[in-house]
2 protein chains.
Amino acid sequence: MSKIDLSTEEKIKDAAKKIFLEKGFGSATTRDIAECADTNIALVNYYFRSKEKLFLEIFRESFVETFAPAARILEDNLPLEAKIYKFVDHMTELLKRDPLLPMFVFSEMRDENSKMCELASHLNTDKSARFQEQLEEEAAKGNIRKTDFQQVEVSLMSMVLFPFLGMNMLKAKKNMSTEEFYRFVDERKKNIPEMILAYLRCRE
Amino acid sequence: MSKIDLSTEEKIKDAAKKIFLEKGFGSATTRDIAECADTNIALVNYYFRSKEKLFLEIFRESFVETFAPAARILEDNLPLEAKIYKFVDHMTELLKRDPLLPMFVFSEMRDENSKMCELASHLNTDKSARFQEQLEEEAAKGNIRKTDFQQVEVSLMSMVLFPFLGMNMLKAKKNMSTEEFYRFVDERKKNIPEMILAYLRCRE
DNA sequence: GTCTATAACGGGATAGAC
DNA sequence: GTCTATCCCGTTATAGAC
């Protein structure tokens with residue numbers, strides 16, 4: 001189905017996603033969205049009641065249906081090394097398709113009292129601590145060093161997400177084109193797991 | 001000099017910094033700033049001409065005078081290991097004093113065409129490639145592995161900055177208090193250099 | 001330098017015709 | 001479902017009195 005055949009509601013939602021991800025809730029306007037969807041403000045409110053309701057729908061989808069599931073790869077049932085490679089690879093590919101996603105999610109959680117923070121802690125129910133158990137098991141077997149799993153988890157997330165959060169800074173500082181940036185994050189698919197695994201495995 | 005003795009101009013600037021860092025340019029209002037500085041909108045415009053001019057001054061100071069100098073520790077003249085520890089320590093202490101700084105800088109650079117991106121690439125003049133040279137020298141001596149210095153640099157930055165960018169996400173997901181968060185990043189002062197150095201030193 | 005009042009504008013939302 | 005016209009509010013900026 002080509003883009004032109006989408007229902008008005010779908011066109012508005014697609015436009016809203018694009019605009020909100022580019023500008024954030026505060027700087028995006030209903031006018032932007034309507035224009036981008038090739039309709040008018042009245043229809044945006046007809047389908048979604050308000051800018052805020054529309055936004056919450058986009059945020060929920062981005063976070064709950066896209067971001068969180070990818071992060072959950074760490075809870076999969078896979079050997080440690082394979083899992084880390086899979087996580088970095090899948091997450092990187094996801095972010096290459098949707099490079100503004102991390103900044104969108106995190107910038108809307110800048111205010112500690114925002115609805116988005118509430119939403120995120122709400123979704124904090126399924127804590128299958130498989131990754132933590134796995135690190136502890138491997139450490140007990142002597143395969144890796146004993147370590148704080150939260151530190152490892154955050155470092156892993158950091159190294160994958162940060163380049164996208166600081167994409168324009170990186171491009172500015174290193175004079176990178178978009179293609180070079182994507183090559184750079186592709187190289188990290190090998191680099192990041194190597195670093196994590198070197199840390200976990202090397203004695204000291 | 002106590003806060004109450006500051007000149008009106010200084011009070012406005014302090015207030016503007018606080019408000020802009022909390023909300024970003026788009027969501028901050030001149031009213032917020034005036035109220036926070038305990039004056040009125042007219043005076044804000046009297047001293048700074050417009051919201052945008054005020055903002056640019058705050059951004060310049062935050063970026064040029066605070067953020068960039070800290071990042072430049074990597075170009076210091078120090079042995080590799082000591083330098084990495086110093087960088088992580090100093091940067092973490094800076095961010096503990098100003099935890100909103102990374103999100104402020106990066107979120108304002110979300111739009112590729114923003115003035116802030118221009119500013120950042122403008123400041124891209126002093127590229128003393130001391131850190132790069134150092135990694136290459138040590139690799140030539142066989143002390144560390146041969147590696148892409150940009151990957152190492154970005155990973156290092158990632159691990160230090162990311163927790164502050166995702167502070168509220170982290171707090172929500174891990175049910176952390178502010179104190180626990182600060183304890184967490186303090187532990188990373190040891191953890192991050194260990195990871196980088198394990199990667200650089202371990203053969204494979 | 002400081003304040004009050006107001007102009008000029010842009011934003012979200014809705015009424016009502018079709 | 002769709003559109004035009006409009007309302008109402010918050011925002012930036014400034015004029016003008018003190």
Side-chain angles (χ1 to χ4, degrees), chain A residues 1-62 104 107-108 110-111 113-116, chain B residues 1-60 104 107-108 110-111 113-116:
Chain A
M1 183 160 71
S2 92
K3 192 130 193 175
I4 211 125
D5 295 327
L6 291 176
S7 72
T8 302
E9 185 171 357
E10 283 166 326
K11 277 199 298 186
I12 291 170
K13 208 151 137 184
D14 285 356
K17 179 167 182 184
K18 178 168 154 33
I19 301 290
F20 279 138
L21 264 84
E22 276 174 5
K23 308 199 189 190
F25 180 79
S27 301
T29 69
T30 314
R31 281 177 162 76
D32 289 339
I33 293 167
E35 193 185 348
C36 179
D38 211 21
T39 56
N40 55 70
I41 303 177
L43 277 180
V44 174
N45 284 307
Y46 171 73
Y47 281 109
F48 296 94
R49 306 272 303 160
S50 75
K51 178 188 173 186
E52 199 186 359
K53 289 219 173 56
L54 174 52
F55 175 81
L56 285 172
E57 193 145 334
I58 304 293
F59 187 83
R60 221 203 78 264
E61 279 186 21
S62 297
F104 174 65
S107 71
E108 299 299 346
R110 180 198 319 223
D111 177 4
N113 303 318
S114 76
K115 290 200 171 127
M116 275 55 77
Chain B
M1 184 161 72
S2 92
K3 194 129 192 176
I4 211 127
D5 295 326
L6 292 176
S7 72
T8 303
E9 185 170 358
E10 283 166 325
K11 278 198 299 186
I12 291 170
K13 208 150 134 184
D14 285 356
K17 180 168 181 185
K18 176 167 154 34
I19 300 291
F20 280 137
L21 263 84
E22 276 174 7
K23 308 199 188 188
F25 181 78
S27 301
T29 70
T30 314
R31 274 174 163 67
D32 289 340
I33 293 167
E35 194 185 347
C36 180
D38 210 21
T39 56
N40 56 70
I41 301 177
L43 277 179
V44 175
N45 284 307
Y46 171 75
Y47 282 109
F48 297 95
R49 307 269 305 157
S50 75
K51 177 187 173 187
E52 199 187 359
K53 289 219 172 57
L54 175 54
F55 175 80
L56 285 172
E57 193 145 331
I58 303 293
F59 187 82
R60 219 203 79 263
F104 174 64
S107 71
E108 298 299 343
R110 176 188 336 214
D111 177 5
N113 304 318
S114 76
K115 290 201 172 123
M116 274 56 75

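Letters A, B, ... are given to chains in the order of the sequence lines, protein chains preceding strands, and every chain is numbered from 1. Fair warning: this is a prediction, and the values are worked out from it, not measured in the lab.
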- Message: Set out, in order, the CA-CA distance, both residues' side-chain angles and the distance that settles side chain to side chain contact (heavy atoms under 4.5 Å, CB included) for Ile33(A) and Leu54(A), then state yes or no.
- Response: CA-CA 10 Å; Ile33(A) 293 167; Leu54(A) 174 52; 4.3 Å; yes
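- With sequence neighbours left out, the side chain to side chain contact (heavy atoms under 4.5 Å, CB included) criterion links Ser50(A) to Glu52(A), Lys53(A).
- Under the 4.0 Å criterion applied to side-chain N and carboxylate O atoms, Lys13(A) and Glu61(A) are assigned as salt-bridge partners.
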- Quick one: what's the B/S/- string for nucleotides 3-18 of chain D, heavy-atom cutoff under 4.0 Å, read 5' to 3'? BB------BBBB----
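- Between the CD1 atom of Ile12(B) and the C1' atom of dT2(C) there is a distance of 10 Å, rounded to whole Å.
- Computed from C1' positions of five pairs at each end, the angle between the two local axes of the helix from dG1(C)-dC18(D) to dC18(C)-dG1(D) equals 10°, rounded to 10 degrees.
- Every pair passing ring pair (Phe, Tyr, Trp, His ring centres under 6.0 Å) that includes a residue from residues 13-51 of chain B is listed here, sequence neighbours excluded: Phe20(B)-Phe55(B), Phe25(B)-Phe55(B).
- For residues 15-34 of chain B, every residue pair satisfying the salt bridge (Lys or Arg N to Asp or Glu O under 4.0 Å) rule, not counting sequence neighbours, is listed here: Lys17(B)-Asp98(B), Lys18(B)-Glu22(B), Lys23(B)-Asp32(B).
- Interatomic distance, OG of Ser114(A) versus CD of Glu108(A), reported as 8.0 Å (0.5 Å rounding).
- More than 12 heavy atoms of other residues, nucleotides or ligands sit less than 6.0 Å from atom CD of Glu9(A).
- Judged as a side chain to side chain contact (heavy atoms under 4.5 Å, CB included), and not counting sequence neighbours, the contacts of Asn40(B) are Ala42(B), Leu43(B).
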